[in-house]
Number of protein chains: 4
Amino acid sequence: MTVATEPAVTPERRRAPRGSARQSIVAAATELFARRGYEATSVQEIVAAAEVTKGALYHWFGSKSELLTSIYRELLAEQTRQLAEIAAGDGPVRERLHAAALDVVEHTAEHLAELTVWARSAHLLDDEHAEATRRERRRYHDLFRDLVREAQVAGVVRADVSATVVTHTFLSALGNVHTWFHPDGPLTFTEVGHQLVGLFVDGVRAPAESAPAGDPARG
Amino acid sequence: MTVATEPAVTPERRRAPRGSARQSIVAAATELFARRGYEATSVQEIVAAAEVTKGALYHWFGSKSELLTSIYRELLAEQTRQLAEIAAGDGPVRERLHAAALDVVEHTAEHLAELTVWARSAHLLDDEHAEATRRERRRYHDLFRDLVREAQVAGVVRADVSATVVTHTFLSALGNVHTWFHPDGPLTFTEVGHQLVGLFVDGVRAPAESAPAGDPARG
Amino acid sequence: MTVATEPAVTPERRRAPRGSARQSIVAAATELFARRGYEATSVQEIVAAAEVTKGALYHWFGSKSELLTSIYRELLAEQTRQLAEIAAGDGPVRERLHAAALDVVEHTAEHLAELTVWARSAHLLDDEHAEATRRERRRYHDLFRDLVREAQVAGVVRADVSATVVTHTFLSALGNVHTWFHPDGPLTFTEVGHQLVGLFVDGVRAPAESAPAGDPARG
Amino acid sequence: MTVATEPAVTPERRRAPRGSARQSIVAAATELFARRGYEATSVQEIVAAAEVTKGALYHWFGSKSELLTSIYRELLAEQTRQLAEIAAGDGPVRERLHAAALDVVEHTAEHLAELTVWARSAHLLDDEHAEATRRERRRYHDLFRDLVREAQVAGVVRADVSATVVTHTFLSALGNVHTWFHPDGPLTFTEVGHQLVGLFVDGVRAPAESAPAGDPARG
DNA sequence: AATGAATGAGAATTCATTCAT
DNA sequence: TATGAATGAATTCTCATTCAT
């Protein structure tokens, strides 16, 4: 109070525009996590890339895992919003389900890197963070499963396999495209995604053969 | 124990003689990696659980990653052997493909924990180990894909989706059952696995509806 | 806010006006320092508990140590005031000394928590703060010692032990009651305090035995 | 004792003689903790002073607090051993009690620095370490208290003050000599200690005055 | 075939404090 | 009379690995 450290006029700002640190951190972390993996990326590297200090990072995020969680939750929230919108549409359920499936494909394509990181590192999180995310993830899953159920009731989707299994299968087949998809392969991610939806809907069986009784594949 | 890993003629023992430290290490590591993850398990914890010393571990394994790799390669080798045998059988391709699919399910069920570890941690390995495993993994994949191709040629599997995509989809759907399967749920793993094969073969579409022209689900 | 802390006529405000942040800070810090220790309490925790911001704390106190020092100096000032008053009384020295001793007991009982903090953390302070407090503390000590000396001269207190040792012993025995006193034990703090004064005055020797010549305990 | 840390012939030592790291660490830590305080001493400083690496320190001690605890427990064990021996002697209880008191004084004098550290920092320890030490500390206290009780029963020590209070008072008066004793003052520590035992035994009252009825100090 | 003390580099995190507003 | 984002240096601790024995 007795010390007037700074005159009224401040000639120039020291660093970046105020309040932008958080964004830089998220951007840098997303990029680094995606490229090198969560565990292999040190907090030091993140702050260096974001051009902020460690203190700033810990001002915004309580821990490295909270940072990871934050990134994922934003993604998840966006995707959930989209799915909820599609599911609440008023077209026939078959169309809504199909649109939902394609939406998952699109979203996965757009955020392949982040989702890959998540898939590999979620198990490292402490319970606190894991729990919150699990609830949100579950909400997303339930939304999709309810759509599948609606389709089963409407006779559009086979009812001899539980909606839960159908949902998990589809979502995890997509959620792991990162393990084998190569951007420089013959197909774009979206093409692959559409083939995948096709497989999911019709199965691998050649059309000619379609569903004869006593099929051994029915086990 | 029930598996005779030892062919009649073995010129020299491959590795560990009578009940040695090596086995304890592998057992302990498998269990810990599965329970806590590879990165979260320290070498110290492994040797404590295996009741051996660090020196012993480094006597048998050059590094922590070599230990992880060893565990996975043994699994992979066994699975590849079985698949090769099935693929080389002389029944109709449809049956061989189906048997192969069920075999993947069974094997996955038996080694869920180890496979989970692998799925999460493979990306952490140094190039040297990664490369060797990738080659073997690729061999397994190719074996399966060739079977799919054979089935496509025979008109048993639809040919409008690449055999590679079909293979990856099936394998990764199965490879990620660990993310959602709960042993105390209503279905056993094997039941889930069979439903999964069913889905894979016939798709989710309700039979009645089967493949009408101009289906919107066909995009 | 509901409390009118403001007497009608106050020439100038000493410090905090109406229910200000300063009081919340002192209250919160006292409580936290007492419960968790000075070093283990972060400035962040203090401001959270006081429901003010860091800036506010640093507005009122130059540093964390100044905050600690402030708390202690207020206590010390109060106690010194009381002691000075008692010492300056006009009763016989024996009575004044006894009253002083009981006053220490009462005051210690009332401020056990804060005094504990001080005893544990004073050594951490930077020289500047340490010095100021040391002088005041010394003044308090000297006041008590002078009373003891007066009592020695008057033949009320034994003269074969230095007044300084007597003073320190008594004050430090009391100053460390916190290490062993439990509020839920059989005695109240005040009862313990009185026993302590009794011990201090008469010693532990059984009265019957009192002071025979050549007592081995005198060694 | 059973371990001969020093092999007869060692061609050349890389650094210090094998296995000596632990001792260097304890020595360095004791010295630094005593001089600068526990919290103010960093692990870095300890290893620098001990000429070992951080890893070595953490090989021998699980944490900084474990190191502190170890130092104190050794001290406590030694003191307890001595006290037990004295208490179990076969002289009259008055003599044994007196010997015990002097032993505390001697031991405190010898280890003033370490005990000071402990007094100031014990409250920082995590529960695990605190608990173990508390039990041992309690054992020491009980040993002393039992001796006091025995003396009370024998009529050597006044019985109107609980043995527990007597014990605590004496032990904590001594345990806090560090707060006021200056080595360059007029008295040696041992002299002060003996005066203290004298005070403890006979009280501050001048002999002539001894215990008249209705003494106000008895309140 | 194994020991286990020691390494050394680097990890995440904390924290009192500052300062533009 | 505050605010709170940002600092930056220090802190404790971890861990895979080595190596003399």
Side-chain angles (χ1 to χ4, degrees), chain A residues 1 3-10 13-16 18-22 39-47 52-65 67, chain B residues 16-17 20-22 39-47 52-67, chain C residues 16-17 20-22 39-47 52-67, chain D residues 5 7 10-16 18-22 39 41-47 52-67:
Chain A
M1 356 133 118
V3 186
T5 359
E6 196 82 38
V9 190
T10 313
R13 266 173 197 75
R14 217 188 277 240
R15 276 153 193 267
R18 285 232 123 197
S20 72
R22 192 181 196 279
E39 320 89 309
T41 302
S42 72
V43 170
Q44 175 54 46
E45 288 168 323
I46 297 171
V47 300
V52 299
T53 60
K54 273 188 196 167
L57 188 150
Y58 280 93
H59 175 69
W60 289 107
F61 303 95
S63 65
K64 194 184 168 193
S65 20
L67 174 52
Chain B
S20 98
R22 192 181 193 277
E39 322 88 305
T41 302
S42 71
V43 170
Q44 174 53 45
E45 288 169 320
I46 298 171
V47 301
V52 301
T53 61
K54 277 190 189 164
L57 188 149
Y58 279 91
H59 176 71
W60 289 107
F61 302 94
S63 67
K64 193 185 170 192
S65 19
E66 187 177 315
L67 173 52
Chain C
S20 100
R22 193 181 193 278
E39 322 89 304
T41 302
S42 72
V43 169
Q44 174 53 45
E45 287 168 322
I46 297 171
V47 301
V52 302
T53 61
K54 276 190 187 162
L57 189 149
Y58 279 91
H59 175 71
W60 289 107
F61 302 94
S63 66
K64 193 186 169 191
S65 18
E66 188 178 315
L67 174 52
Chain D
T5 7
T10 314
E12 34 99 78
R13 274 162 193 85
R14 204 197 282 238
R15 280 158 188 262
R18 283 231 126 196
S20 73
R22 193 182 194 279
E39 322 88 310
T41 302
S42 74
V43 170
Q44 175 54 45
E45 288 168 322
I46 298 171
V47 301
V52 301
T53 60
K54 269 186 202 169
L57 189 150
Y58 280 94
H59 175 69
W60 289 106
F61 303 95
S63 65
K64 193 184 167 191
S65 21
E66 188 177 314
L67 174 52

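Residue numbers begin at 1 in each chain, while the letters A, B, ... track the order of the sequences. A quick note: this is a predicted structure, and the numbers were derived from the prediction, not measured.
Between the OH atom of C/Y58 and the CD atom of C/E66 there is a distance of 10.5 Å, given to the nearest 0.5 Å.
Across every non-hydrogen atom of A/K64 and A/E39, the tightest pair is NZ-O, 3.9 Å.
Comparing B/G62 and A/G55 by the nucleotide of DNA chain F that holds the closest heavy atom to each, the one mapping nearer the 5' end is A/G55. Position along DNA chain E of the nearest nucleotide to A/S63 versus C/S65 favours A/S63 as the more 5'-ward residue.
Rounded to whole angstrom, the span from the CZ atom of B/R22 across to the P atom of E/dA2 amounts to 12 Å. Here F/dA16 presents its P atom at 11 Å from CD of B/E39, a figure rounded to the nearest Å. Atom CD of B/Q44 and atom C1' of E/dT3 are 13 Å apart (whole Å). Going from atom CG of C/L57 over to atom P of F/dA5 covers 17 Å, rounded to whole Å. The CG atom of D/L67 sits 13 Å away from the C1' atom of F/dT12 (whole-angstrom rounding). The nearest whole Å value for the distance from the NZ atom in C/K64 to the C1' atom in E/dT14 is 11 Å. Remark: P of F/dC13 and CD1 of D/I46 are 10 Å apart, rounded to the nearest angstrom. Remark: P of E/dT18 and CZ of C/F61 are 16 Å apart, rounded to the nearest angstrom.
Pairing for F/dT18 is with E/dA5, a Watson-Crick or G-U wobble pair whose two hydrogen-bonding atom distances lie under 3.5 Å.
Here the nucleotide nearest the side chain of A/A56, chosen from E/dT18, E/dA2, F/dT7, is F/dT7. Checking E/dA6, E/dC15, F/dT7 against every side-chain atom of C/S42, the shortest atom distance belongs to E/dC15. Checking F/dA2, F/dC13, E/dA1 against every side-chain atom of B/H59, the shortest atom distance belongs to E/dA1. You'll find that the side chain of C/W60 is closest to F/dT1, out of F/dT1, E/dT3, E/dA12.
For the OP1/OP2 pair of E/dT13 and a distance below 4.0 Å, the side-chain nitrogens and oxygens of A/Y58 include at least one atom meeting the criterion.
Residue-level contact check: A/T41 touches the backbone only, with heavy atoms under 4.0 Å from sugar-phosphate atoms and none from bases. Within 4.0 Å of C/K54, counting heavy atoms only, lies at least one base atom of the nucleic acid.
Residues A/V43 and A/L67 have side chains not in contact (no heavy-atom distance under 4.5 Å, counting atoms from C-beta outward).
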For a side-chain contact (heavy atoms from CB on, under 4.5 Å) check, start with the C-alpha distance between D/V52 and D/V47, then their side-chain angles and the critical distance, and finish with the verdict. CA-CA 5 Å; D/V52 301; D/V47 301; 4.1 Å; yes
